[in-house]
Amino acid sequence: MGIFGGKKEVADQDMDMLITTIETIDKPFEPLGLVTATIIKAHDPNPEVIAKELAKKAKEMGADAILGFRYDVRINAINWTDQVGYGTAVKFK
């Protein structure tokens, strides 16, 4: 999927949702709000899992894309990982 492509816009066929790390896009849009996803105690950190969860939540809000995607993972002492992702859900005009 390659969601960390800098300014490159990426659309995953499975998600049918544009998710990008940039804050704006050259297309009129209306921000719908912050969308977040958290996975606690995962064995293998994977930003694609978080991105798919964000896409699902953003679609429920009526969004066409997620701008400003951010991803964080923390590993604790017993090899569990906590993953968090967030971004701004937007609707194209």
Legend entry - Atom pair CD1 (I19) and CD (E48), whose distance is rounded to the nearest 0.5 Å: 10.0 Å
Legend entry - Straight-line distance of I50 CD1 to R70 CZ, nearest 0.5 Å: 15.0 Å
Legend entry - Shortest non-hydrogen contact from L34 toward G87: CD1-O, 3.3 Å
Inset, instruction - Might you point out which heavy atoms bring A58 and M17 nearest each other, and give the distance in Å? - result: CB-CE, 4.0 Å
Legend entry - Within-4.5 Å side-chain heavy-atom neighbours: I25 and L18: yes
Legend entry - Within 6.0 Å of OH in Y86, more than 12 heavy atoms from elsewhere: no
Legend entry - Flag side-chain contact, heavy atom, 4.5 Å: L54 against Y71: no
Legend entry - Nearest heavy-atom neighbours spanning A37 and K57: CA-NZ, 4.1 Å
Inset, instruction - Answer yes when E53 and K59 have at least one side-chain N-carboxylate O distance shorter than 4.0 Å, and no when they do not. - result: no
Legend entry - Pairwise side-chain contact, V35 with I66, heavy-atom cut-off 4.5 Å (strictly under): yes
Legend entry - Heavy-atom side-chain proximity of I22 to F69 below 4.5 angstrom: no
Legend entry - Pair D82 + R74: basic N to acidic O under 4.0 Å: no
Inset, instruction - State the CG-CZ distance between D64 and F29, to the nearest 0.5 angstrom. - result: 11.5 Å
Legend entry - Nearest non-hydrogen partners of Q83 and V73, listed with the distance: CG-CG2, 3.9 Å
